[in-house]
Amino acid sequence: MKEKELRRSLSVLPIGTVMKLTDLSARQIRYYEQQGLVIPERNEGNRRMYSLNDIDQLLEIKDYLGEGINMAGIRQLYEQQQQKEESAKNKRQQQPLTDADVRRILREEFKAVGGLSDGTTRLSVRNQEL
DNA sequence: CTTCTGACA
DNA sequence: TGTCAGCA
């Protein structure tokens with residue numbers, strides 16, 4: 001199963017292809033990179049080259065944003081996922097993000113934003129669920 | 001032609 | 001986030 005993982009890690013897709021596959025604008029894809037998520041490789045000409053894993057990563061980010069979580073929240077989400085993978089690396093198995101993780105992030109998000117109105121509407125709804 | 005960085009009517 | 005400029 002290592003061959004498969006290798007292919008998914010190969011950065012061979014230009015941003016144009018990623019745009020079509022993720023339905024995200026180049027602006028968004030580059031912005032997410034600035035925010036520290038999905039940092040693609042660069043080819044000889046400084047062009048961004050993405051891997052299939054990067055595509056999944058972006059698709060995942062798109063979902064989270066749709067749920068009302070912002071850049072900072074997603075960043076925290078990944079920091080934890082990385083911690084989980086590391087702690088799990090010793091146990092042989094990696095744990096997916098639990099619902100509790102997402103809840104905590106949302107709670108922190110709501111606390112940070114203060115529960116205002118702009119584009120945070122979905123968050124307030126979420127907060128009630130928490 | 002495609003992508004890159006920087007900037008903002 | 002969109003979009004336009006000026007390069008590469």
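Just so you know, these numbers come straight off a predicted model, no measurement behind them. Sequence lines set the chain letters: A, B, ... in the order given, protein chains first and strands last, and positions in each chain run from 1.
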Over all heavy atoms of both residues, which pair between [X] and [Y] is shortest? Give the atoms and the distance, please.
X	Y	value
A:Asn90	A:Glu86	ND2-O, 3.4 Å
A:Leu37	A:Met71	CD1-SD, 4.3 Å
A:Pro40	A:Val38	CD-O, 3.1 Å

Would you kindly say whether [X] and [Y] are connected by a side-chain donor-acceptor distance under 3.5 Å?
X	Y	result
A:Gln57	A:Tyr32	no
A:Tyr78	A:Glu60	yes
A:Arg47	A:Asn43	no

I need the [atom1]-[atom2] distance between [X] and [N], as an integer number of Å.
X	N	atom1	atom2	value
A:Tyr50	B:dT3	OH	P	10 Å
A:Lys20	B:dT2	NZ	C1'	11 Å
A:Met19	C:dT1	CE	P	13 Å
A:Arg42	C:dA8	CZ	P	16 Å
A:Ile29	C:dT1	CD1	P	11 Å
A:Gln28	B:dT3	CD	P	16 Å
A:Asp23	C:dT1	CG	P	12 Å
A:Asn46	B:dC4	CG	P	7 Å

5'-most by nearest nucleotide on DNA chain B - A:Arg47 or A:Gln34: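 Residue closer to the 5' terminus by nearest nucleotide: A:Arg47.
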Expected rows: protein N/O vs nucleotides 7-9 of chain B N/O, under 3.5 Å:
none

Less than 4.0 Å between a side-chain N and a carboxylate O, is that true for A:Arg103 and A:Glu67?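 So A:Glu67 does not pair with A:Arg103 through a salt bridge.
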Salt bridge flag under 4.0 Å for residues A:Arg104 and A:Glu108: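 Yes, A:Arg104 and A:Glu108 are salt-bridged.
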pair A:Val18-A:Leu24: side-chain heavy atoms closer than 4.5 Å: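 In short, these two side chains do not touch, never coming nearer than 4.5 Å.
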From C:dG2, B:dT3, B:dC4, nucleotide with atom closest to A:Pro14 side chain: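 Between C:dG2, B:dT3, B:dC4, the one nearest the side chain of A:Pro14 would be B:dT3.
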So, is A:Arg30 near the phosphate of B:dC4, with a side-chain N or O under 4.0 Å from OP1 or OP2?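 Answer yes for this pair, as a side-chain N or O of A:Arg30 is under 4.0 Å from OP1 or OP2.
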A:Tyr32 side chain near C:dT1 phosphate (N/O to OP1/OP2, under 4.0 Å):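 Checking C:dT1 against A:Tyr32, a side-chain N or O does come within under 4.0 Å of OP1 or OP2.
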The dot-bracket string of DNA chain C, counting Watson-Crick and G-U wobble pairs with both distances under 3.5 Å, using [ ] for crossing pairs and | for pairs to another strand, is .|||||.|
